[in-house]
Amino acid sequence: MPLRRFLALLAVLMLLTPSVLGEEEEEVIQPQWEVPDYVTWLLQVADGEVGYTEGAHGYSKYGEWAGDPYAQWCAEFLCWCVDQVDQQHGTSLLKNVYPLYSGQNTGRSWFITKGRYIVRWGNLEDWGYQWMQGDDSYITTGTYIPQPGDWVFFTWTDDQNTDHVAMVEYCTRDKDGNVNIHVIEGNTPVAVKRTVYPLTYTRILGYGTVHDVAETTMRYGNVGEKVQQLQNKLVYLGYLDASKATGTFGNATVDAVKAFQRAEGLKEHGVANKTMQDALNKRYLAAVDADPTTWQVVDDDD
């Protein structure tokens, strides 16, 4: 199983890697979701690069691979690792599961569009509050423990722009219950290395996740796969014309959301918040369950 192979790799890595936090023993937190094979392969590639140091004037092979040998190369390092997995295993991860990028904020924006970005404090700028799937409460700092293969986005200033990115190997919990994130990162400041960050570290902006595990408030102007999913449900229930289900939350979607809120006795503000989405999901699942075109016919020969 992928998880078993990952845990075997993790055991080896922990033996080889001295704790950055000192001698205090920590408990490894088991991944909450299955670790795909490609994550294990990706961490193996990244592990093999630990210790790489940039050359004169900031040269790195990762920057050269990305088209600028002298660029700051934290993102380039991670993208290069993904490309190596694609080449070695015939996968198509780059541009599908992980972004290919160099520019500031581009990687975070890519994960947001894919619907796989969780803000550390649970309020996504220009969107709204987030919540874990199946959870009734909103995300706050510490709600989400990053999983192996997730990307962690950091800012070193107060403008909320992304200045650095790292990849999660695993997380641990110390004797006081504090969670620490163990990452592999490039350009730190001139090498590939392992680092440990507290889960509550205020310079963490959020996580680009391997799994789709969170939902988010949606409003006018938002674009992405979550918007498309919302629109498809509104189309199915007859609130939105199929031609308007484009993945962009425009005026037609605002009107459709308001119409649904009105029909459900909810406040008509045109924002797809948690209350609206919970009601929509309930109505959608009930409609699908009652739709004979969705029933599966099973032949019984007995």
Side-chain angles (χ1 to χ4, degrees), residues 33 36 75 78-79 82 92-135 138-139 143-144 146-147 149-153 155 160-162 165 167 204-237 239-261 269-281 283-285:
W33 293 274
L78 294 187
C79 295
V82 175
S92 299
L93 304 176
L94 207 55
K95 300 183 183 179
N96 292 304
V97 177
Y98 293 102
L100 172 61
Y101 80 104
S102 298
Q104 189 180 56
N105 296 329
T106 307
R108 177 179 61 178
S109 297
W110 186 91
F111 276 109
I112 291 172
T113 300
K114 289 292 185 181
R116 291 188 284 114
Y117 183 77
I118 297 177
V119 181
R120 178 175 58 83
W121 54 89
N123 191 346
L124 180 57
E125 185 178 8
D126 297 325
W127 292 67
Y129 289 106
Q130 296 183 302
W131 58 96
M132 300 298 294
Q133 294 173 4
D135 195 340
Y138 290 110
I139 292 171
T143 298
Y144 179 70
Q147 302 292 290
D150 285 357
W151 288 11
V152 189
F153 292 91
T155 184
Q160 302 302 297
N161 288 316
T162 58
V165 62
M167 182 163 58
I204 294 176
L205 291 172
Y207 311 98
T209 64
V210 171
H211 299 283
D212 178 5
V213 296
E215 302 297 346
T216 186
T217 303
M218 289 173 271
R219 63 187 70 239
Y220 179 83
N222 294 154
V223 177
E225 294 187 13
K226 293 290 186 184
V227 175
Q228 184 73 64
Q229 294 165 11
L230 175 79
Q231 291 171 330
N232 290 344
K233 293 171 184 175
L234 289 168
V235 168
Y236 188 83
L237 294 174
Y239 289 95
L240 181 68
D241 187 271
S243 66
K244 303 298 184 180
T246 61
T248 297
F249 202 122
N251 288 324
T253 305
V254 172
D255 291 342
V257 169
K258 285 183 177 180
F260 178 82
Q261 289 170 328
H269 43 54
V271 175
N273 58 11
K274 186 177 187 302
T275 301
M276 181 272 173
Q277 291 187 49
D278 286 346
L280 179 66
N281 290 336
R283 292 298 179 194
Y284 173 76
L285 291 174

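- A tilted orientation is assigned to the rings of Tyr138 and Tyr129, their planes being inclined by 30° to 60°.
- Side chains of Val165 and Tyr101 form a contact here, defined as non-hydrogen atoms less than 4.5 Å apart.
- Counting non-hydrogen atoms of neighbouring residues, nucleotides and ligands closer than 6.0 angstrom, the CD atom of Gln133 exceeds 12 such neighbours.
- Each of Leu93, Val82, Thr106, Leu94 was scored for a side-chain contact (heavy atoms from CB on, under 4.5 Å) with Leu100, with one residue passing: Leu94.
- Remark: the Asn222 side chain and the Arg219 side chain contain no N/O donor-acceptor pair separated by less than 3.5 Å.
- Looking only at side-chain heavy atoms (C-beta outward), Ile139 and Met132 come within less than 4.5 Å of each other.
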Next on the checklist: Under the criterion ring-ring contact (aromatic ring centres under 6.0 Å, His included), I'd like the reasoning laid out for Trp151 against Tyr98: C-alpha separation, chi angles, the key distance, then a yes or no.
Outcome noted: CA-CA 9 Å; Trp151 288 11; Tyr98 293 102; 4.9 Å; yes
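- Note that CH2 of Trp121 is 10.5 Å distant from CD1 of Ile204, once rounded to the nearest 0.5 Å.
- Interatomic distance, Arg108 CZ to Phe153 CZ, rounded to the nearest 0.5 Å: 8.0 Å.
- Expressed to the nearest 0.5 Å, how far OH of Tyr117 lies from CG of Leu205 amounts to 5.0 Å.
- Atom-to-atom distance recorded for Tyr284:OH and Leu230:CG is 11.5 Å, nearest 0.5 angstrom.
- With salt bridges taken as basic N to acidic carboxylate O contacts below 4.0 Å, none links Lys274 and Glu215.
- Note: Tyr207 and Tyr144 have tilted aromatic rings, judged against thresholds of 30 and 60 degrees for the angle between ring planes.
- Using modelled atom types, one finds a donor on one side chain and an acceptor on the other under 3.5 Å when comparing Gln228 with Asn232.
- No side-chain N or O of Thr217 forms a donor-acceptor pair with one of Asn273 less than 3.5 Å apart.
- With contacts defined as side-chain heavy-atom distances shorter than 4.5 Å, the pair His211/Pro36 qualifies.
- Residues Thr253 and Thr246 have side chains not in contact (no heavy-atom distance under 4.5 Å, counting atoms from C-beta outward).
- One finds the NZ atom of Lys226 at 11.5 Å from the CG atom of Leu124 (value rounded to the nearest 0.5 Å).
- Gln261 places a side-chain N or O within donor-acceptor distance of the main-chain N or O of Gly270, the cut-off being under 3.5 Å.
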